[in-house]
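To find a chain, count down the sequence lines: A is the first, B the second, and so on, and within it residues start at 1.
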There are 2 protein chains.
Amino acid sequence: MSESKLPRPTDGELAILRVLWERGTSTVREVHEALNRREPEEGTGYTTVLKLMQIMTEKGLVERDESQRAHVYRAKATEQRTQRQLVSDLMERAFGGSPARLAMQALSSRKTSPQELAELRQLLDSLEGADE
Amino acid sequence: MSESKLPRPTDGELAILRVLWERGTSTVREVHEALNRREPEEGTGYTTVLKLMQIMTEKGLVERDESQRAHVYRAKATEQRTQRQLVSDLMERAFGGSPARLAMQALSSRKTSPQELAELRQLLDSLEGADE
DNA sequence: GGGCATCTACGAAGCCCTTCGTTGACATCT
DNA sequence: AGATGTCAACGAAGGGCTTCGTAGATGCCC
């Protein structure tokens, strides 16, 4: 029962999760530095990141190991799982629940590499094959 | 210059926009009734909807005609335009800017009808055709 | 040990979103 | 005209998100 529903992460929380997914488990300092390397103009303070991560711990979005003086955090949900949740959410709220309309909007909004198009085609094949 | 960037609508605002897209121009009362027909358990009050729509007017998300006693509102951006914005947003924040990964996640998250799959296939064809 | 750097914890402030009660204007019906 | 119902406007309250200053604990180096 440890897999109950996690809340939808906010923009700030998502930025932190992205660092954790990319780097693996990290301390607050590491996350803070990664964020400011990625977005030098934003400049969020150290304690701001710390506070966010503390709240995320309360919400269950991350877990932390307090055995070291500098606590070590890790994302509780995988990147895939979170992406699925966010997509489902947007699909319901803005696309009337239609995955295809969302997918088409995504593909139209930016150029996609031939390789990715091929992967998509493959996915379509498998979806059509598995009709029930 | 009337086409500047509109802010990302909140969840509540998006629900109202959906009513306006579906019904066309509407009064507050009409929106309120449509929402409570759609989500009977939620039960947002009339003044709540009114307040939201007033704020949306300030933000530029909707426009209103005040010539009648019951003001008539209409969405300022089309459904398509808003969907594109929301998708781009999510793509940047959670998918590292990759449209294909977002599309695949969308298609995996829910069963898609054969007809929609066919439409998608067609879109893929046209995208591949238009390589530069 | 004293001084310095690093880290967590706490709390407050500011802003936005949502909700709703109240008020005053306006219309309609009798 | 007076009663009733509908409407926009306003303000306030509550909660969540973000930001940061400050304090207290801990580790390290001379």
Asker: Would the number of heavy atoms belonging to other residues, nucleotides or ligands and lying under 6.0 Å from CD of A:Glu92 be above 12?
Answerer: yes

Asker: Mind calculating the distance between CG (B:Leu17) and P (C:dC17) to the nearest angstrom?
Answerer: 13 Å

Asker: State whether A:Glu13 and A:Lys59 are salt-bridged, where the test is any N-O pair (Lys NZ or Arg NE/NH1/NH2 against Asp/Glu carboxylate O) under 4.0 Å.
Answerer: yes

Asker: If you find the nucleotide of DNA chain D closest to A:Val49 and the one closest to A:Arg69, which residue's nucleotide is nearer the 5' end?
Answerer: A:Val49

Asker: Rounded to whole Å, how long is the line connecting atom CG of A:Asp65 with atom P of C:dT8?
Answerer: 12 Å

Asker: Checking contacts here: which listed nucleotide (D:dT18, C:dC17, C:dT6) is nearest the side-chain heavy atoms of A:Arg29?
Answerer: C:dT6

Asker: Given atom CD of B:Glu13 and atom C1' of C:dT19, what is their separation to the nearest angstrom?
Answerer: 14 Å

Asker: Would you mind classifying the nucleic acid contact of A:Thr48 as base, sugar-phosphate or nothing, using non-hydrogen atoms under 4.0 angstrom?
Answerer: base

Asker: Do B:Glu116 and A:Ser98 have side-chain atoms, one donor and one acceptor, less than 3.5 Å apart?
Answerer: yes

Asker: Between atom NE2 in A:His71 and atom C1' in C:dA9, what is the gap in whole Å?
Answerer: 10 Å

Asker: Using OP1 and OP2 only, check whether a side-chain N or O of A:Tyr46 sits under 4.0 Å from C:dT8.
Answerer: yes

Asker: For B:Leu52, answer base if it contacts any base atom (sugar-phosphate contacts may also be present), sugar-phosphate if it contacts only those atoms, and nothing otherwise; contact means non-hydrogen atoms under 4.0 Å.
Answerer: sugar-phosphate

Asker: Send over the distance from A:His32 NE2 to C:dC7 P, rounded to a whole Å.
Answerer: 11 Å

Asker: Determine the contact category for A:Thr44: base if any of its heavy atoms lies under 4.0 Å from a base atom, sugar-phosphate if only primed atoms, P, OP1 or OP2 are that close, otherwise nothing.
Answerer: sugar-phosphate

Asker: OP1 or OP2 of D:dG21 versus the side-chain N and O atoms of A:Thr47: is any pair under 4.0 Å?
Answerer: no

Asker: What is the separation between atom CD1 on A:Ile16 and atom P on D:dC17, rounded to the nearest whole Å?
Answerer: 13 Å

Asker: Rounded to whole Å, how long is the line connecting atom CE of B:Met53 with atom P of C:dC17?
Answerer: 16 Å

Asker: Any side-chain N or O of B:Arg64 less than 4.0 Å from the OP1 or OP2 oxygen of D:dA9?
Answerer: yes

Asker: Of A:Tyr73 and A:Lys51, whose closest DNA chain C nucleotide lies nearer the 5' terminus?
Answerer: A:Tyr73

Asker: Using a heavy-atom cut-off of 4.0 Å across all strands, would you classify B:Gln54 as base, sugar-phosphate, or nothing?
Answerer: base

Asker: Between B:Asp11 (CG) and C:dT18 (C1'), how many Å, whole number?
Answerer: 11 Å

Asker: Please identify which of these residues, A:Leu102, A:Leu90, A:Asp89, meets the side chain to side chain contact (heavy atoms under 4.5 Å, CB included) condition with B:Leu90.
Answerer: A:Leu90

Asker: Please determine, by modelled atom types, if A:Thr78 and A:Arg81 share a side-chain donor-acceptor pair under 3.5 angstrom.
Answerer: no

Asker: From the set D:dT18, C:dT8, D:dA8, return the single nucleotide nearest to any side-chain atom of B:Leu50.
Answerer: D:dA8

